[in-house]
Amino acid sequence: MAEFTRGFGGRRRESDPRLPPGQYLTADFPVLSAGPTPRIAESEWSFSIRTESGAVTSWSWSEFLALPAEDVHTDIHCVTRWSKLDTTWRGVSIDTLFAGIDTSYEFAMAHSYGGYTTNVPMADLRGGKAWVAYAFDGKPLDPEHGGPARLLVPHLYFWKSAKWVRGLSMQKHDDPGFWEQNGYNLHGDPWTEERYW
């Protein structure tokens, strides 16, 4: 993960009550990645949840699409200071994916195709707060934006919404993922500017 796409820079703040501190509005959808874009065929894609007991629950693409889906209308905020308002996604709620899964751990690590990881507390994933999204603005999610599916945790900085997500593994402690090991905040709340250590 040595390659970085454009956009890791800042701009001036604009005045909109929906903008967290230090953010500016963009009408575009900047592509920011650490590393090349993985190309995952839907026939090869799967999503799994691994618990502390070692139990693994997984879904193929067709099984995943058969799950109840939700339309999500939300704002998103990148730690590089851009915010995009009123975005529309479609995906499966993390609550749906965890229905029937037995775990007492309070933290998860999201894993992506390509090797990216990010840690997220379960309190930020459950309760209608997060989804595995496969459509954006009414269309299949482009690979550059994480397609065929990405994690969507819109109330946290967008590095927590792992692109090309392939699964969650439960962990006892809030051990850091890729960016968190490289100086980013463990949590990433944009309203309190939890950007870096």
**Q** If you count heavy atoms of other groups shown closer than 6.0 angstrom to CZ of Arg90, is the number above 12?
**A** yes
**Q** Say you draw a straight line from CD of Glu42 to OG of Ser62; how long is it, rounded to the nearest 0.5 Å?
**A** 10.0 Å
**Q** Does Glu106 have any side chain to side chain donor-acceptor pair (under 3.5 Å) partners at least two apart in sequence or in another chain, and if so, which?
**A** none
**Q** Counting distance only, does the side-chain N/O of Arg81 pair as donor-acceptor with the main-chain N or O of Gly22 below 3.5 Å?
**A** yes
**Q** Out of curiosity, Tyr113 OH to Ser46 OG, how far, rounded to the nearest 0.5 Å?
**A** 4.0 Å
**Q** Report whether Ile101 and Val56 are members of the same hydrophobic cluster (ILVMFWY, side-chain heavy atoms less than 4.5 Å apart, transitive linking).
**A** no
**Q** Give a yes or no on whether the ring-centroid distance for Trp179 and Tyr184 is below 6.0 angstrom.
**A** yes
**Q** Search all heavy atoms of Cys78 against all heavy atoms of Gln23 and return the closest pair with its distance.
**A** O-NE2, 3.1 Å
**Q** If I take atom OG1 from residue Thr51 and atom CD from residue Gln171, how far apart are they, to the nearest 0.5 angstrom?
**A** 13.0 Å
**Q** Give me the atom names and distance for the closest heavy-atom approach of Trp45 to Val165.
**A** NE1-O, 3.3 Å
**Q** Verify side chain to side chain donor-acceptor pair (under 3.5 Å) between Glu194 and His187, making sure each step is shown before the conclusion.
**A** CA-CA 7 Å; Glu194 293 177 333; His187 187 226; 2.7 Å; yes
**Q** Would you check if the distance from the ring center of Phe47 to the ring center of Trp61 is below 6.0 Å?
**A** no
**Q** Quick one: does Asn119's side chain have a donor or acceptor within less than 3.5 Å of a partner on Met109's backbone?
**A** no
**Q** Tabulate below the donor-acceptor pairs under 3.5 Å that side-chain atoms of residues 132-148 make, not counting sequence neighbours, or state none.
**A**
residue : atom : partner : partner atom : Å
Glu144  : OE2  : Arg39   : NH2          : 3.1

**Q** Looking only at non-hydrogen atoms, find the nearest pair between Leu85 and Arg18 and report the distance.
**A** CD1-NH2, 3.3 Å
**Q** Do side-chain atoms of Asp75 reach the backbone of Asp86 as a donor and acceptor pair under 3.5 angstrom?
**A** yes
**Q** Counting only N and O atoms by type, is there a donor-acceptor contact under 3.5 Å from the side chain of Asp95 to the main-chain atoms of Gly128?
**A** yes
**Q** Can you tell me if Glu52 uses its side chain to pair, donor with acceptor, with the backbone of Ser104 under 3.5 Å?
**A** yes
**Q** Decide if the gap between the ring center of Tyr24 and the ring center of Trp82 is smaller than 6.0 angstrom.
**A** no
**Q** Using the rule that two of Ile, Leu, Val, Met, Phe, Trp, Tyr join whenever any of their side-chain heavy atoms come within less than 4.5 Å, decide whether Met170 and Phe107 are in one cluster.
**A** no
**Q** Measure the spacing between OG1 of Thr87 and CG of Leu152 and express it to the nearest 0.5 Å.
**A** 7.0 Å
**Q** Start with the C-alpha gap between His111 and Thr117, add the side-chain angles, then the distance that decides, and say whether side chain to side chain donor-acceptor pair (under 3.5 Å) holds.
**A** CA-CA 5 Å; His111 299 268; Thr117 57; 5.9 Å; no
**Q** State whether a side-chain donor-acceptor pair under 3.5 Å links His73 with Thr88.
**A** yes
**Q** Kindly say whether Val153 contributes a backbone atom to a donor-acceptor pair with the side chain of Lys129 at under 3.5 angstrom?
**A** no
**Q** Only pairs at least two apart or in different chains count here, so list each salt bridge (Lys or Arg N to Asp or Glu O under 4.0 Å) that has a residue in residues 161-186.
**A** Lys160-Glu180
**Q** Kindly say whether Gly115 contributes a backbone atom to a donor-acceptor pair with the side chain of Ser112 at under 3.5 angstrom?
**A** no
**Q** Could you measure the distance from the CG atom of Leu19 to the CH2 atom of Trp191? Nearest 0.5 Å is fine.
**A** 7.0 Å
